[in-house]
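Have a look at the structure below, then the notes.
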Amino acid sequence: MLRTHTCGELNTGNVEQTVTICGWVDTIRDFGQGKFIDVRDRYGRTQITISPESPEEVKQAVEQFHRECVVQVVGRVKSRPAGQENKKISTGEIEIQAEQAVLLNACQNPPFLPSQVDLPNEDLRLKYRYLDLRRKEMQDTLALRSSVTKGIRDYFEHHGFVDIETPILGRSTPEGARDYLVPSRVHKGEFYALPQSPQIYKQIMMIAGYDRYVQIARCFRDEDLRADRQPEFTQLDMEMSFVDSEDVMGMVDGLIKQLAKDILGIDVELPLPRMTYDEAMTRFGHDAPDLRFGMEIVDCTDVAAKTEFRVFRGVADAGNYVRGINASGAASLFSRKRIDELTTYIQEDFGAKGLAWFKVNEEGELASPIAKNFAAQHLEEIKNKMDAQPGDLLLLIADSWDVSCKALNGLRKRMGAELKLYDEQQMHFSWVVQFPMFDHDAEAERWVAMHHPFTAPLDEDLDRLGTDPGETRAKAYDLVINGYEAGGGTIRIHDSSIQQQVFGLLGMDEEQARERFGFLLDALKYGAPPHGGIALGIDRIVMLFAGLDNIRDCITFPKTQRAADMMTEAPSPVDQEQLEELAIAISKSDS
RNA sequence: GGGGCCGUAGCUCAAUUGGUUAGAGUACCGGACUGUCGAUCCGGUGGUUGGGGGUUCGAGUCCCCUCGGCCUCGCCA
């Protein structure tokens with residue numbers, strides 16, 4: 001070892017010991033006769049002192065020291081003079097009097113310093129990721145991520161799960177997200193697909209009798225990126241046999257409780273609260289509502305139906321909805337201009353036709369350009385329904401169910417953040433359950449699986465499969481943290497007749513189903529136990545646990561929004577020879 | 001594919017709204033200084049204003065195209 005101690009562990013207990021530390025030069029404070037050199041590694045920072053009494057070789061050696069170069073220092077640990085302690089760092093009560101100093105490796109003048117106050121732009125951080133990863137925040141986040149994955153592995157091992165790896169090179173399936181494809185050299189013109197999730201493999205493992213499977217699995221989806229979405233991400237993938245929804249959720253409840261305790265030091269009450277999908281959409285307009293604050297959606301369609309205001313009346317008469325939220329106390333904070341911004345936002349982002357609003361004045365009256373269209377009695381009803389108090393701002397959307405959900409969810413999130421209705425440190429865990437089995441694809445005029453085609457319907461909804469597919473609810477559950485979908489799972493169909501029926505509803509005949517999932521359908525015939533599981537998004541969980549607002553900051557080497565790696569410059573063109581070996585020709589695109 | 005914000009010194013930002021030689025802090029280089037810890041003080045190097053085209057007597061500023069980053073809708077669970 002080139003060192004006896006790290007830069008974070010020396011304290012007054014080590015005084016008068018001779019030690020050797022290694023690390024990067026963080027800063028040099030030069031006083032001519034003497035210098036203070038902070039040497040940093042991921043454990044901390046230790047001050048080295050050079051004084052007129054220091055050996056000549058040391059003085060000469062440190063002349064070559066510059067920021068971020070790698071050094072080794074041998075010296076004696078001393079208590080700092082009284083009043084010169086640095087209380088901000090763990091090693092602040094001691095310093096090392098240098099007796100030997102070695103430049104292990106020089107450093108070019110770096111584009112930015114890990115310890116600088118103003119962070120550089122993200123593209124520069126990503127290009128020089130090794131410098132960015134030297135930053136304490138990044139090192140702390142990656143350490144937290146390591147604690148999360150260790151906690152997960154310990155928990156599942158304790159509960160008798162077997163950690164099993166599944167292939168990265170798999171078969172493309174047309175369902176779900178766009179696949180990343182890998183050309184086969186041996187089978188020219190054919191492709192592997194990288195897994196969107198190990199979904200089918202884990203079902204196969206249940207059939208194979210591994211009744212408790214777990215894997216921390218890398219997954220790939222070739223879709224557009226967001227602050228909380230990367231093309232390559234990590235799932236905690238888990239599956240159990242002989243279970244129903246409650247068993248899977250209970251297992252995850254225990255995991256969440258343990259992680260929250262061990263990592264955040266907070267006690268989480270179990271079971272985690274559950275809410276049905278219908279309730280989530282009705283009260284919050286979203287299937288992953290942020291429950292750290294209220295501001296619930298209020299349905300005013302019945303009042304709207306009675307008013308003379310044509311916009312409201314028309315929407316109500318057409319069977320659509322007039323719903324709104326009460327941004328309590330926001331009336332004075334939202335000028336006409338800011339309300340216009342909200343209107344533009346819901347129009348451009350969610351296709352809403354408009355935003356109706358009322359400010360509640362001192363007298364408790366609803367004030368708005370549209371107020372004159374309402375009878376006093378109807379304004380009173382709206383006021384009562386929305387529990388409007390003086391100073392409140394009421395925001396209403398008159399539109400289809402779908403648009404009103406999206407727009408009100410958007411408004412609610414925005415208002416919640418702007419009005420600071422929750423503590424940034426707060427964590428809220430809950431379940432949303434009983435998702436619909438199917439979404440209706442209006443364009444294609446067919447049903448599509450909301451989760452995946454192997455999701456089991458609720459027992460009490462089995463009859464509806466045949467009569468009313470849109471009203472059939474699934475044994476599906478999503479874990480929600482602070483308004484993010486942190487994971488989702490289902491109990492799978494293990495009855496082949498129900499599976500056939502679902503395929504039928506999805507517009508797949510037996511032949512198509514065979515073509516796509518033949519191996520799974522075969523496997524299901526060889527003694528498939530009832531089973532179900534869940535996948536949790538580890539990146540998102542780490543992001544939330546670390547209090548970050550984007551997923552890139554908890555991924556070591558993330559991709560940019562255009563799915564590029566700024567450091568390696570992937571993706572890149574390849575040699576013509578490589579293409580020929582794969583029998584691939586690049587067509588000239590006209591775009 | 002659509003909408004929005006952004007790009008000026010190595011880095012973080014300014015530039016009186018189209019007007020002289022594009023500034024500051026920091027980093028870097030040199031000098032001064034034994035107790036600093038965002039050290040301080042003095043001096044210096046450093047610019048294709050992302051790139052290209054246009055309008056204009058004159059463009060960092062206005063217009064068009066393009067490259068890149070971020071947020072977002074669609075997409076994705």
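So you know, we letter chains A, B, ... as the sequences are listed, proteins then strands, and number each from 1. The structure presented is a predicted model; accordingly, all values stated were derived computationally and were not measured.
Among the atoms of the strands shown, base atoms are found under 4.0 Å from some heavy atom of A:R229. At a threshold of 4.0 angstrom between heavy atoms, the contacts of A:E53 include nucleobase atoms, whether or not backbone atoms are also involved. Here A:E85 lies in heavy-atom contact (under 4.0 Å) with a base. Within 4.0 Å (heavy atoms only), A:L119 reaches sugar-phosphate atoms of the nucleic acid but no base atom. Among the heavy atoms of the strands lying under 4.0 Å from A:G32 is at least one base atom, whether or not backbone atoms are also near. Counting any heavy atom pair closer than 4.0 Å across all strands shown, A:E95 reaches a base atom. When heavy atoms are screened at a 4.0 angstrom cut-off, A:R125 is found touching no nucleic acid atom at all. Nucleic acid contact for A:K406: sugar-phosphate only, since backbone atoms but no base atoms lie under 4.0 Å from a heavy atom of the residue. Contact annotation for A:E348: backbone-only contact, meaning every heavy-atom pair under 4.0 Å involves sugar-phosphate atoms and none involves a base. Using a 4.0 Å heavy-atom criterion, one finds that A:H452 contacts no nucleic acid atom at all. Using a 4.0 Å heavy-atom criterion, one finds that A:D30 contacts the bases of the nucleic acid, with or without backbone contacts as well. Nucleic acid contact class of A:P120 (heavy atoms, under 4.0 Å, all strands): sugar-phosphate only. Residue contacts shown for A:G487 are absent, as no nucleic acid heavy atom lies under 4.0 Å away. Contact annotation for A:R67: backbone-only contact, meaning every heavy-atom pair under 4.0 Å involves sugar-phosphate atoms and none involves a base.
Between A:Q561 and B:rC71 there is a side-chain N or O to OP1 or OP2 distance below 4.0 Å. Considering only side-chain N and O atoms, A:T560 lies under 4.0 angstrom from the phosphate OP1 or OP2 of B:rG69.
B:rG19 and B:rG1 have their P atoms separated by 37 Å, with the value rounded to a whole Å. Taking atom C1' in both B:rU49 and B:rG68, one finds a spacing of 16 Å when rounded to whole Å. Using P as the reference atom, B:rU12 and B:rC70 are 15 Å apart when rounded to the nearest Å.
Straight-line distance from the CZ atom of A:F350 to the P atom of B:rG2: 20 Å, rounded to whole Å. The separation between A:D118 atom CG and B:rA14 atom C1' is 14 Å, rounded to whole Å. Here the P atom of nucleotide B:rU40 and the NZ atom of A:K35 are 16 Å apart, to the nearest Å. A straight line from CD of A:E223 to P of B:rC73 spans 14 Å, rounded to a whole angstrom. We find that CE of A:M566 is positioned 11 Å from C1' of B:rC67, with the value rounded to whole Å. With rounding to whole Å, A:K413 atom NZ is found 9 Å from B:rU72 atom P.
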Distances under 3.5 Å only, N/O to N/O: pair up the protein atoms with those of nucleotides 41-44 of chain B.
none

Name the pairs: protein N/O against N/O of nucleotides 8-10 of chain B, kept only if under 3.5 Å.
| from | atom 1 | to | atom 2 | distance (Å) |
| --- | --- | --- | --- | --- |
| B:rG10 | O2' | A:P111 | O | 3.1 |

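Annotation for A:R42: atom CZ does not count as buried by contact number, only 12 or fewer foreign heavy atoms lying within 6.0 Å.
With sequence neighbours excluded, the residues satisfying side-chain contact (heavy atoms from CB on, under 4.5 Å) with A:E85 are A:E93.
Nearest-nucleotide assignment on RNA chain B puts the 5′-proximal partner with A:H66, out of A:H66 and A:Q33.
Using the Watson-Crick or G-U wobble rule with both distances under 3.5 Å, B:rC29 pairs with B:rG43. Pair assignment for B:rG38 gives none, since no Watson-Crick or G-U wobble pairing has each distance under 3.5 Å. For B:rG7, the paired base is B:rC67 (Watson-Crick or G-U wobble, both distances below 3.5 Å).
Using a 90° window around 0 for the glycosidic torsion, B:rU17 falls inside it and is classed as syn.
Cation-pi geometry between A:R323 and A:W401 is met: the NZ or CZ atom falls under 6.0 Å from the ring centre, inside 45° of the normal.
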